[in-house]
Engineer: 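Could you have a look at this structure, given as structure tokens, before my questions?
Chain identifiers are assigned alphabetically (A, B, ...) following the order of the sequence lines, protein sequences preceding nucleic acid strands; residue numbering begins at 1 within each chain.
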2 protein chains.
Amino acid sequence: MDPDFTDLDEYLDEHDLDGYLVVADESDANQRYLSGFTAPDPFTTLYDGEVHLLVSSLEYGRAEREARAATVERTADYDYRAKVQEHGASEAGHRIRTEFCDTYDVESVATPSDFPVGLADGLREQGISVAPDEDDVIQEIRAVKHEEELEHMRTAQRANERAMATAESLIADAEVADDGTLIYEGETLTSERVTEEIEVSLIREGHALDTTIVACGADAADPHDRGSGPLRANESIVIDIFPRSKATGYYADMTRTFVKGEPSDTIREWYDITQEAKEAALDTLEAGVSGSDVHDAVCDVYQDNGIPTLRDDPETSTGFIHTTGHGVGLDIHEFPRVSTTENELEAGMVVTIEPGVYDPEFGGVRIEDIVIVREDGYENYTEYPEQLVL
Amino acid sequence: MDPDFTDLDEYLDEHDLDGYLVVADESDANQRYLSGFTAPDPFTTLYDGEVHLLVSSLEYGRAEREARAATVERTADYDYRAKVQEHGASEAGHRIRTEFCDTYDVESVATPSDFPVGLADGLREQGISVAPDEDDVIQEIRAVKHEEELEHMRTAQRANERAMATAESLIADAEVADDGTLIYEGETLTSERVTEEIEVSLIREGHALDTTIVACGADAADPHDRGSGPLRANESIVIDIFPRSKATGYYADMTRTFVKGEPSDTIREWYDITQEAKEAALDTLEAGVSGSDVHDAVCDVYQDNGIPTLRDDPETSTGFIHTTGHGVGLDIHEFPRVSTTENELEAGMVVTIEPGVYDPEFGGVRIEDIVIVREDGYENYTEYPEQLVL
């Protein structure tokens with residue numbers, strides 16, 4: 001992949017800065033994208049029209065082979081050890097990075113806004129001007145995906161769907177005890193058990209995740225609740241899975257809602273309206289529209305059906321109480337927004353569309369697809385069926 | 001658990017600062033320790049002798065119930081939405097956190113050195129004095145564990161040992177093909193396959209990991225190489241597992257080295273010397289000694305046996321080319337150091353002892369235990385046997 005950093009060049013020109021500096025490990029999406037390199041410990045990437053890397057000796061050979069960089073240097077090239085002896089580890093780090101910038105005649109840098117303040121202040125003391133980039137220009141560049149990235153995300157979504165199928169079959173195959181709890185192979189079927197099987201399925205396909213949501217009943221009415229304890233019949237079970245490929249770092253994201261047994265009329269109605277809201281969003285989606293137009297389409301469907309939305313009632317704690325979606329890529333939440341914020345959607349952006357309805361009295365319903373914005377519409381990564389009743 | 005923040009009070013007194021400010025999510029160990037709270041999105045913790053939390057409405061109820069805080073406030077209490085409309089999201093964030101500090105008459109704060117510079121500069125513009133804490137005083141406090149934390153780490157180490165047993169039995173049960181590669185149940189046994197079984201074992205015990213090392217032959221000669229491809233007989237296989245409990249956030253850490261078949265004389269010798277080096281380190285270990293004394297004990301054993309060490313030859317790329325160990329807790333690498341750096345070890349600290357020898361010509365050997373420093377010695381968490389030949 002050969003990213004287009006024209007917008008970064010323009011950003012630096014516009015702000016009259018010599019370079020863009022990132023010091024972070026591979027878990028930082030901007031670092032991974034700018035450097036084209038992964039390492040478990042923080043390393044230094046300087047962009048001045050070309051990419052320059054400063055890494056420890058341990059990473060040097062691999063960085064030379066793998067990184068998308070014009071030059072790769074070692075901390076040892078800047079007498080790091082001697083500087084640690086003389087100035088301590090923190091200031092030694094400031095000094096070698098200042099000298100590294102000097103090598104490329106860089107006296108002023110933009111940094112991501114989450115760049116460490118200790119290092120920023122240290123560089124400033126050494127004479128480098130440091131300007132945090134509140135616009136997150138690299139995240140904006142990352143928002144439009146290359147074909148290679150789209151393929152990575154397709155792979156992640158296929159793994160995601162096999163994990164969802166594992167979860168669905170546990171619920172479908174469960175029996176219902178007299179008290180309404182689900183029983184699978186003689187044991188109570190819990191959120192934790194379903195989560196474990198989702199994770200094992202993903203691990204076996206080379207994907208990892210930090211969190212999964214398997215939330216039943218009142219838990220499902222809180223979009224942030226991961227769920228716990230026994231799953232019950234006749235209540236909605238929201239399953240939201242967002243795995244990351246261990247090889248590529250790219251995410252997928254999908255939610256389905258199931259009921260084992262007989263859903264209440266309310267849940268059934270919410271499910272139908274949520275499907276309608278998702279379709280309304282997808283009908284609106286194409287390059288050139290604002291994320292807020294897509295969000296409005298969802299809110300309109302809910303409002304028309306008497307379900308409160310945060311857009312129209314900022315105080316509501318029930319109804320559609322989150323945004324319609326978000327960009328996905330090397331981060332699970334990234335540009336663009338699909339919310340009340342205006343931002344133009346461009347072809348090649350990947351976003352989730354995830355309308356949902358929540359009320360502790362009845363439970364929750366959410367349906368989420370992950371889709372690519374195209375010139376004349378969208379392409380849906382998501383092939384997983386929507387079936388409420390199991 | 002009721003952490004003792006006396007050292008933090010002293011730090012603030014000494015630097016004439018009103019408070020300590022952390023803005024981070026649950027993946028940040030200092031945040032987790034200071035707030036006693038976990039949330040997937042960044043939240044704000046202010047310490048001024050007491051702990052004050054500022055969280056989104058979504059997290060408010062849970063924070064009130066779960067956090068170890070004197071007060072919990074909502075971003076909505078500071079008119080966050082109105083400020084976003086007026087000033088944009090970044091400056092709104094700076095403003096509400098400034099007002100939050102004002103509530104507690106805090107005009108100057110220390111922050112972790114990796115506090116985001118965009119926010120630090122924003123607070124400064126609003127009149128808050130921000131001083132990055134290069135000493136990492138909270139990490140220093142975290143280094144001495146409470147009994148509850150020691151118990152969490154014991155649990156993580158038990159899960160770790162069952163995962164190691166899974167890995168060991170795959171290698172032990174493998175057959176050897178004519179070309180020397182290992183075959184398990186008819187398929188080539190690879191690093192990736194062993195890693196997968198380790199991860200599945202840990203997932204089933206409620207533990208997660210980002211990385212595992214299963215490195216054979218020349219891969220094993222690079223301490224940072226995670227390993228890949230087929231495992232081979234008669235070569236050393238280094239397995240290093242460091243899982244984190246998903247419930248508590250605490251890590252364990254252990255390494256073992258195996259050979260299927262017949263080790264070379266060199267590997268056998270390295271293994272014996274490394275066992276001796278580990279014993280020498282443990283014999284030195286007790287409250288009051290410096291981490292560097294423990295590291296010296298290891299280096300002395302290697303040097304006496306003609307194996308180069310970085311301590312005595314900073315240019316060597318073979319031999320004992322890393323430090324003896326590191327603290328473990330909510331981070332996999334934390335205070336104290338067991339290296340050339342002088343730092344006094346205190347009772348209740350948890351450290352790894354992990355001597356090793358590396359040379360691409362012969363492979364690598366590492367043996368790592370995780371132990372608690374006690375007043376009169378140490379307590380070894382590690383119950384896993386050391387057996388080179390399988």
Engineer: Indicate the atoms forming the closest heavy-atom contact of A:P40 with B:R226, along with that distance.
Structural biologist: CD-NH2, 4.1 Å

Engineer: Who among B:D114, B:V130, B:T195 has the most heavy-atom pairs with chain A under 4.5 Å?
Structural biologist: B:D114

Engineer: Using heavy-atom distances under 4.5 Å, tell me whether A:T341 contacts chain B through its side chain, its backbone, both, or neither.
Structural biologist: neither

Engineer: To the nearest 0.5 Å, tell me how far B:L209 CG sits from A:I203 CD1.
Structural biologist: 7.0 Å

Engineer: What distance separates B:L58 CG from A:H322 NE2, expressed to the nearest 0.5 Å?
Structural biologist: 9.5 Å

Engineer: Is the number of heavy atoms from other residues, nucleotides or ligands within 6.0 Å of CD (B:E64) greater than 12?
Structural biologist: yes

Engineer: Could A:E192 and B:K246 be called an ion pair, given the rule that one side-chain N must be under 4.0 Å from one carboxylate O?
Structural biologist: no

Engineer: Using every non-hydrogen atom in the two residues, find where B:P132 and A:G118 come nearest and quote the distance to one decimal.
Structural biologist: CB-CA, 3.7 Å

Engineer: Find the one option among A:R193, A:E196, A:E91 whose heavy-atom pairs under 4.5 Å with chain B are most numerous.
Structural biologist: A:E196

Engineer: Where does B:D225 contact chain A at under 4.5 Å (heavy atoms): side chain, backbone, both or neither?
Structural biologist: neither

Engineer: Checking heavy atoms, do the side chain of A:D222, its backbone, both or neither come under 4.5 Å from chain B?
Structural biologist: side chain

Engineer: At what distance, to the nearest 0.5 angstrom, does OG of B:S57 lie from NE2 of A:H224?
Structural biologist: 11.5 Å

Engineer: Answer with side chain, backbone, both or neither: which region of A:R62 has an atom nearer than 4.5 Å to a non-hydrogen atom of chain B?
Structural biologist: neither

Engineer: Among B:P223, B:S113, B:A76, single out the residue with the greatest number of heavy-atom pairs under 4.5 Å to chain A.
Structural biologist: B:S113

Engineer: How about B:R244: does its CZ atom have over 12 heavy atoms from other parts shown lying under 6.0 Å from it?
Structural biologist: yes

Engineer: What's the separation between atom OG in B:S90 and atom CG in A:D135, rounded to the nearest 0.5 Å?
Structural biologist: 8.0 Å

Engineer: Can you tell which part of A:Q85 gets under 4.5 Å to a heavy atom of chain B, answering side chain, backbone, both or neither?
Structural biologist: neither

Engineer: Would you mind checking which part of B:E205 comes under 4.5 Å of any heavy atom in chain A, side chain (CB onward), backbone (N, CA, C, O), both or neither?
Structural biologist: neither

Engineer: Among B:T111, B:V23, B:V117, which residue has the highest count of heavy-atom pairs closer than 4.5 Å to chain A?
Structural biologist: B:V117

Engineer: Taking side chain as everything from C-beta outward and backbone as N, CA, C, O, which of these in A:E59 sits under 4.5 Å from a heavy atom of chain B? Side chain, backbone, both or neither.
Structural biologist: side chain

Engineer: Rounded at 0.5 Å granularity, tell me how far CD in B:E197 sits from CZ in A:R204.
Structural biologist: 4.5 Å

Engineer: Within a reach of under 6.0 Å around CZ of A:R32, are more than 12 heavy atoms found that belong to other residues, nucleotides or ligands?
Structural biologist: yes

Engineer: With only heavy atoms counted, which part of A:D133 is less than 4.5 Å from chain B, the side chain, the backbone, both or neither?
Structural biologist: neither

Engineer: Side chains of A:T340 and B:R81, heavy atoms from C-beta outward: is any pair under 4.5 Å?
Structural biologist: no

